[in-house]
Number of protein chains: 2
Amino acid sequence: MNRKRSSSATLGDVAQLAGVSSATASKALNSRGEVAPATRRRVLKAAEELAFQPNALARGLTSGRTRMIGLITDELGGRFAIPILLGVENALGNEQMSVLLCDARGDAIRRRHYISTLVARQVDGLIILGDRNDIRPSLTSEIPVPVAYVYGESDAPDDLSFLADDEGGARLAGEHLVSLGRRRVGHITGEQTYRAARDRASGLQAILEEQGLPLAGGAPLYGDWSQRWGRQAASILLGRAPDVDAIFCGSDQIATGVVEGLRDLGRRVPEDVAIVGYDNWEVFAAECRPPLTTVDLNLQQLGATAVEHLFGVLNGDQLHGVIRQPGRLVIRESTGPPAATEGPSPHR
Amino acid sequence: MNRKRSSSATLGDVAQLAGVSSATASKALNSRGEVAPATRRRVLKAAEELAFQPNALARGLTSGRTRMIGLITDELGGRFAIPILLGVENALGNEQMSVLLCDARGDAIRRRHYISTLVARQVDGLIILGDRNDIRPSLTSEIPVPVAYVYGESDAPDDLSFLADDEGGARLAGEHLVSLGRRRVGHITGEQTYRAARDRASGLQAILEEQGLPLAGGAPLYGDWSQRWGRQAASILLGRAPDVDAIFCGSDQIATGVVEGLRDLGRRVPEDVAIVGYDNWEVFAAECRPPLTTVDLNLQQLGATAVEHLFGVLNGDQLHGVIRQPGRLVIRESTGPPAATEGPSPHR
DNA sequence: CTGAAAGCGCTTACAG
DNA sequence: CTGAAAGCGCTTACAG
């Protein structure tokens, strides 16, 4: 009905149409101060008619809050950033907040540059997304607003970090295998330089020790985070522990390779060897033959949790330290009880 | 050296330290108007000392430009959004611009909501990211700033859309196979409801017709975008065209399934059947046995191209219509000349 | 309950 | 070349 205007209506336009001052219009619109009900109605109606949307810039300038959060990632392309980002974006959206996204590509110069850009844009807070759940130098001293470190732990004890609970995730995997009656559990995983790999290994070993079980093959097999390594490692492990009846893998990609390697070697999954992956990366876990039982890191929830706590800090909470997001086991067909008979049997 | 202050320095602080008015300080900092060289130096020095960063909110309020672009995706989780987003983010960063990210999750209500939020935040322009390179209703009438549609075409002829060139990509695949001497080329792809699938099929068929070659199997095999379908379709196609010597697949995931299916049926890749995938999705294309020759959509470049054109529009260019981003062929080991002898031969 | 005034931090004509 | 003033669109004491 109304003629389109190139620039949209301002508070002043609303006030004028409602026949009040812009101060009163502001109060009516923000449910602040005492405004006569009739006045409020008129203002609301005027705002409605003009499709009034308050200018967020002006609002931010006066209120000191922009309702924007800066998010700096290291590697958007990696497969961990996206689910976390989704969780963050969703949690922020629920609070009418927006996210300014920057990808530093693992470059410290770029990261500094983005931090100062975001600060200049007056973000209310910052989320620093790591790429490997590991410890990194704190950046907080350069940042005058609250910061949450996610999937990467700040080395400053006063900072607030959110990590995936890799030890706990590995325990879930180990408990599951043991509860199925598996007794000779091996571990094939990624690069030992990753804390994620070490934590998963120690989580598995802890649960095995509690059960009085050894780790099949003696030690975890560390290697690349690749299918290729999975195939190769499967044959190494079978050499060291021919009677292995379960393998916990450090990623779904590795697990896919392990399954292929086992198949090439004539072992059946899960009858002869049960396999648990890690990550619940659907395209691998669900498409594997057989589909993989795996640990889901709940990364989306990790992002949401970080945002919730960051809101707490914005509202004055004093929080610091490390918060670990528990994972969950997703059971598919690569695990089950061992075959009834001993050794590979011709179950059709 | 300097004591940290809770709120950062303003232009006024800089002006005071330099002993000039804030108007002059502003001009000196923005290389605008005539400012005495000595004055400029003093201002710059003062700004440096105070680590002055202009408040982007205030700047946006006066200048009318925020140097922020809104980006609305449908499905951040999908595998097309991220590379495009990376290209966009990178191109924007080069121009000192930032991106406000929103994921509408394919929900029209959410999308509308985000559009008005972004407009209220005074973004300079908007990028609407599609999830399937298909035609969709224009949203431009609700948006008072320039809009670019990416990986999704607006149905309004005055809008500006950026698409991956699927026909062209398929032609690259087809030409490659023909140039290798393959003559019985089949096509296994995803759901026919996707324009991407139809365009790729027609691109392939066009090139085959130009060469006077039929499509092996008579018609493209449409199905799921999954490995499972690839495996299944491989056997269907072999049934219909036992002499097939090449298969162009609609995705790397399908291609991976096709390779598995062919192996199960005793065909060698590439000796007996050459395979070309689509997407250059590294975890599939590079990890496949053998690694896949495939078409890279250049999605990152697509994002960058969209941003560059959007800048043009922001600067007054009149642009509309569809711009197609060419793909490129990535040659790996799943293609090569046919085996010298006829039929499967025991090449060691 | 309502409104005039000041202010957020910057930029941009306009005088001088 | 420099600066006082007005203004971007909103909010917040403060009078009335």
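Naming convention: chains lettered A, B, ... in sequence-line order (proteins, then strands); numbering from 1 in each chain.
Relative to the side chain of L11(A), the nucleotides dT12(C), dG3(D), dT11(D) differ in distance, and dT11(D) lies closest. Of the candidate nucleotides dT11(D), dC10(C), dG3(D), dC10(C) has the atom nearest to the side chain of F52(B).
A side-chain N or O of T140(A) and one of D159(A) form a donor-acceptor pair less than 3.5 Å apart.
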Atom pairs, protein N/O to nucleotides 4-8 of chain C N/O, distance under 3.5 Å:
none

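One finds a salt bridge joining D74(A) and R136(A) here, because a Lys/Arg side-chain nitrogen approaches an Asp/Glu carboxylate oxygen to under 4.0 Å. At a threshold of 4.0 Å, the pair R67(A)-E95(A) does not count as salt-bridged, since none of the basic side-chain nitrogens sits closer than that to a carboxylate oxygen. Contact check on D134(B) versus R132(B) returns a salt bridge, with a Lys/Arg side-chain nitrogen under 4.0 Å from an Asp/Glu carboxylate oxygen.
Nucleotide dA4(C) is matched to nothing when pairs are restricted to Watson-Crick or G-U wobble geometry with both distances under 3.5 angstrom. Base pairing annotation: dA13(C) forms no Watson-Crick or G-U wobble pair, as no partner gives both donor-acceptor distances under 3.5 Å.
A side-chain donor-acceptor contact under 3.5 Å links N298(B) to the backbone of P326(B).
For the OP1/OP2 pair of dG9(C) and a distance below 4.0 Å, the side-chain nitrogens and oxygens of R59(B) include no atom meeting the criterion. Considering only side-chain N and O atoms, S26(A) lies under 4.0 angstrom from the phosphate OP1 or OP2 of dT11(D).
To the nearest 0.5 Å, atom CG of residue L17(B) and atom CZ of residue F52(B) are 12.5 Å apart.
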